[in-house]
Amino acid sequence: MNPSTDSPAPVVNILRVRPEADADIDLPRYMTPNAAGMDLQAALEEDLTVGKGQIALVPTGFAVELPPGYEAQIRPRSGLAVRHGIGLINSPGTIDADYRGEVQVAVINLGPSDFTIHRKDRIAQMVIQPVCRARLAPVDELTPTDRGPGGFGHTGV
């Protein structure tokens, strides 16, 4: 059961894209009993060095079939971010329920030096979330608030 909603956890079908070549790559898995995200491993054929300021697309070796009404969010791993400056260029990345291609991770090196990703390195995490699809209602004006149109940094530091 899902303790946050008391409903059964969604079933996510998963497919190894290259079963023979990537049999040694772990499928996504929760590393601790209360982890929100499943760690994803790099399914690289050879080491990949990401230079300072560079972006690279890292394969994971799997595809998913999410149930309707769910998405998979691909998020950075905090240890890679803090220790090496490795993040995700589109964080969080979204895997839609109708996408059937290989999950790939778009990493960016914001750190001070080149970073090498090796096969089987844990490079990101995947969180499965319900999706709320909104209905938009065009109006002539919005209800006023104390904040109004104040945006980035309008309340100070």
Side-chain angles (χ1 to χ4, degrees), residues 1-111 114-139 142 151-152:
M1 297 297 279
N2 184 340
S4 64
T5 62
D6 285 333
S7 63
V11 173
V12 175
N13 293 331
I14 189 162
L15 172 75
R16 285 188 189 272
V17 177
R18 296 171 295 278
E20 298 82 22
D22 291 335
D24 62 320
I25 301 294
D26 291 337
L27 291 176
R29 62 187 175 119
Y30 298 103
M31 299 305 288
T32 64
N34 290 308
M38 295 177 252
D39 282 1
L40 308 182
Q41 289 185 337
L44 295 167
E45 292 182 18
E46 56 189 42
D47 290 351
L48 172 65
T49 298
V50 185
K52 297 184 293 187
Q54 288 186 330
I55 298 167
L57 199 56
V58 181
T60 63
F62 72 90
V64 292
E65 180 181 344
L66 296 158
Y70 285 86
E71 68 163 330
Q73 294 180 1
I74 309 301
R75 300 180 183 180
R77 293 193 65 232
S78 56
L80 288 178
V82 170
R83 292 198 254 323
H84 305 285
I86 301 300
L88 304 185
I89 193 67
N90 63 330
S91 180
T94 296
I95 307 299
D96 294 309
D98 56 356
Y99 177 67
R100 295 296 184 268
E102 180 175 8
V103 173
Q104 297 191 59
V105 179
V107 300
I108 184 167
N109 182 353
L110 299 171
D114 294 353
F115 182 78
T116 300
I117 301 171
H118 309 280
R119 184 173 181 82
K120 296 183 72 172
D121 279 356
R122 293 180 293 148
I123 55 162
Q125 56 184 324
M126 180 171 68
V127 176
I128 308 299
Q129 291 286 323
V131 173
C132 174
R133 292 197 45 149
R135 291 177 290 122
L136 299 181
V139 297
L142 300 175
F152 298 103

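Note that the structure is predicted; figures quoted are calculated from it, not measured.
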(message) The criterion is salt bridge (Lys or Arg N to Asp or Glu O under 4.0 Å); which residues satisfy it with R77, sequence neighbours excluded?
(response) D39

(request) Only counting residues at least two apart or in another chain, list the ones meeting side-chain contact (heavy atoms from CB on, under 4.5 Å) with I108. (result) I55, I89, L110

(request) Mind listing the closest non-hydrogen atom pair of A97 and P67 along with its distance? (result) CB-O, 3.7 Å

(request) To the nearest 0.5 Å, tell me how far L40 CG sits from R122 CZ. (result) 10.5 Å

(request) List for me each residue that meets salt bridge (Lys or Arg N to Asp or Glu O under 4.0 Å) alongside R119, sequence neighbours excluded, and say none if there are none. (result) D22, D24

(request) Might you point out which heavy atoms bring A43 and G61 nearest each other, and give the distance in Å? (result) CB-N, 3.6 Å

(message) Is any side-chain heavy atom of L27 closer than 4.5 Å to one of R16?
(response) yes

(message) Tell me the closest heavy-atom pair linking Y30 and G37, and the distance in Å.
(response) CD2-O, 3.5 Å

(message) Just so I know, are the side chains of V107 and F115 near enough to count as touching, which here means a heavy-atom distance under 4.5 Å?
(response) no

(message) Once ring-ring contact (aromatic ring centres under 6.0 Å, His included) is applied, do any residues pair with F62, and if so which ones, sequence neighbours excluded?
(response) none

(request) Report yes or no: does Q129 contribute a side-chain atom to a donor-acceptor pair with the main-chain N or O of A72 at less than 3.5 Å? (result) no

(request) Provide the full list of side-chain hydrogen bond (donor to acceptor under 3.5 Å, both in side chains) pairs with a residue in residues 96-109, sequence neighbours left out, each pair given once. (result) R18-E102

(request) First locate atom CG of N13, then atom CG of L66, and finally report the distance between them rounded to the nearest 0.5 Å. (result) 9.0 Å

(message) Return the CD1 to CG distance between I123 and L48, rounded to the nearest 0.5 Å.
(response) 9.5 Å

(request) Heavy atoms only: give me the nearest P10-Y70 pair and the separation to one decimal. (result) CG-CE2, 3.6 Å

(request) Give, for atom CE of M126 and atom CD of Q73, the distance between the pair rounded to the nearest 0.5 Å. (result) 11.5 Å

(message) Quick test of your reading: applying side-chain hydrogen bond (donor to acceptor under 3.5 Å, both in side chains), list the pairs with at least one residue in residues 49-64, sequence neighbours left out, ordered by first then second residue.
(response) T49-T116

(message) So which atom in A124 and which in L88 form the shortest heavy-atom distance, rounded to 0.1 Å?
(response) CB-CD1, 4.4 Å

(request) Please report the shortest heavy-atom distance between V17 and A63, naming the atom on each side. (result) CG2-N, 3.8 Å

